[in-house]
Protein chains: 2
Amino acid sequence: MAMTNYLLNHPRKLVSLPFFSEQYDAAKSSISEDLDIVDQIFQSQGIGKLETVAGAAGGVKYIPLFSNKNSEQFILELCNQLEDPERILPGGYLYMSDLLGDPELIRNVGKIFATAFADKEIDYIVTVATKGIPLAYATANVLNVPVIIVRRDPKVTEGSTVSINYVSGSSRKIQTMVLSKRSLPEGANVCIIDDFMKAGGTITGMQSLLDEFNANVQGIGVLAEAEDEEEERVVDDYVSLIKIQDVDIKAQKIEAIKGNYFPL
Amino acid sequence: MAMTNYLLNHPRKLVSLPFFSEQYDAAKSSISEDLDIVDQIFQSQGIGKLETVAGAAGGVKYIPLFSNKNSEQFILELCNQLEDPERILPGGYLYMSDLLGDPELIRNVGKIFATAFADKEIDYIVTVATKGIPLAYATANVLNVPVIIVRRDPKVTEGSTVSINYVSGSSRKIQTMVLSKRSLPEGANVCIIDDFMKAGGTITGMQSLLDEFNANVQGIGVLAEAEDEEEERVVDDYVSLIKIQDVDIKAQKIEAIKGNYFPL
């Protein structure tokens, strides 16, 4: 049980068997047997699996996974909550801050993104202030990698920064994004996480900024996507968990369906 | 072991014994015995304890706690990292974004704050964009309460907002803070979490804004505090984990010590 706890708290970290047998004062063979049971329980609970790495430098890694069944059920419930007409704001925007403030919801979204990108090589999660931040950390918690936050405004505490100007898809306004120079090494593998995407101008802006660091964007995940009536989408390879199909202000009706991550 | 996992994932949630015996197909008496063992392990690992609530509506709650020994050791290591002269920025500011991007570090800080405020009645964690956000979520994860984010600028996706103007302690500039009207019910118990405090103008600003919602500020936690040379501190009842004692630009020396949370 102590081992389960250790593994749950150190996702994707390779732990050697000698470490466990020393820590818990048990023979390596009994540790092995216990790990088999842990693996079975993780799998039957749909929360992940243990991966064994053979050899002298080997050990065991807990790979957190959120089963497809659990994910889809969770997202469908979230769609249901989003369809509450009270959420409609002037301009057809949706109020979502209450949902984004719920730590359990955020943890679940992080687990789904981490599952979606489990087979990619990812060194950093990148997001843009402000609403994407909790989702980025929730994903990073599971993938066990650091988070880098792109800002809209330079701040003295960031040191020297690289900045780009870009045109936001929906408003056609010129906007700025900055990233601290020392935050990201050259050539890193990154995954972009954000809360919402319309035409995708913000994501494209982040991609251009990341180009300045020669970063490889290995994946893009957005919690919700919606179509932009005036602008065609400029990002095509992304994972979305929710699709806001329609917001009808007059009829006070919202239609939210599962995103492209799930099979139709 | 499945029970351990469930409890770890549902901090501060009251779980009835019948729930466990149904879920894991075991007699209530053996569940009770197992819970005793879980409690012992949690306590010996310094990660918390189980609290039993008697009666028909009773059950068991996992209260995550980060032992004082673990906390102090962790914070002293963090002070050590902060004292790296490479962190000094123009104006005597310190670069901390790399540390604030490390999910394990953030999780630990959240556990320490949650322990510091474990005996307070807290309904919401409140923070201000941007750097306090991950710390707020990490604390909220452990206390199992929602997060509310005060912004510097109103956004259409927030709906109608309440805003206040305040004078920032160190720069003497008038600044604005806004909070979505529907984000916080009247009279809620809140805990303010932020990354850094100098004179405390930002915290005072948040307190004034929270007054508009008749909120009761039950606690204030900052990761690091530093003295402001020009301005006296305007906040006095707070918990700090780190104190930046001195940043000497000329000698390229930083002195960081443990904050007021720890006994001298």
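To find a chain, count down the sequence lines: A is the first, B the second, and so on, and within it residues start at 1. Worth saying up front: this structure is predicted, and the values here are computed from it rather than measured.
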Max heavy-atom pair count under 4.5 Å with chain B, selected residue of A/T130, A/I148, A/L100
A/T130
Step through the shown structure and confirm whether more than 12 heavy atoms of other residues, nucleotides or ligands are within 6.0 Å of CD on B/Q23.
yes
Which bit of B/S183 is near chain A, if near means a heavy-atom gap under 4.5 Å: side chain, backbone, both or neither?
both
A/N141 and B/P103 have their tightest heavy-atom pair at OD1-CB, 3.3 Å
Given that the side chain runs from C-beta out, which part of A/S180 has a heavy atom under 4.5 Å from chain B: side chain, backbone, both or neither?
side chain
With heavy-atom distances below 4.5 Å as the criterion, would you say the side chains of A/I149 and B/K131 are in contact?
no
Roughly how far apart are A/R107 CZ and B/N9 CG, rounded to 0.5 Å?
6.5 Å
Tightest non-hydrogen contact, residues B/L8 and A/L8, listed as CD1-CD1, 4.1 Å
Nearest 0.5 angstrom please: A/S97 OG to B/R151 CZ, how far?
8.0 Å
Reported CG-to-OH distance for the pair B/L135 and A/Y137, which is rounded to 0.5 angstrom:
8.0 Å
Side chain proximity check, A/V147 to B/P134, heavy atoms < 4.5 angstrom:
no
Surrounding CD of A/Q81 (heavy atoms of other residues, nucleotides or ligands, distance under 6.0 Å), is the total greater than 12?
yes
Euclidean distance, B/D98 CG relative to A/R182 CZ, rounded to 0.5 Å
8.0 Å
Going by the rule side-chain contact (heavy atoms from CB on, under 4.5 Å), which residues pair with A/Q43 if we only count those two or more places apart in sequence or in a different chain?
A/D39, A/K49
Counting only heavy atoms from other residues, nucleotides and ligands, does the tally under 6.0 Å from CD of A/Q252 exceed 12?
yes
Nearest-0.5 Å distance, OH of residue B/Y93 to CD of residue A/E158
13.0 Å
Are B/I47 and A/N5 packed together at the side-chain level, in the sense that at least one heavy-atom pair is separated by less than 4.5 angstrom?
yes
Rounded to the nearest 0.5 Å, what separation is found between the CG atom of A/N144 and the CD atom of B/E104?
7.0 Å
Do the non-hydrogen side-chain atoms of B/I133 and A/I133 ever get within less than 4.5 Å of each other?
yes
Can you tell me if B/E186 has over 12 outside heavy atoms packed within less than 6.0 Å of its CD?
yes
Honestly, the part of B/L105 sitting under 4.5 Å from a heavy atom of chain A is neither
May I ask you to test the B/D102-A/P146 pair for a side-chain heavy-atom distance under 4.5 Å?
no
Taking side chain as everything from C-beta outward and backbone as N, CA, C, O, which of these in B/K155 sits under 4.5 Å from a heavy atom of chain A? Side chain, backbone, both or neither.
neither
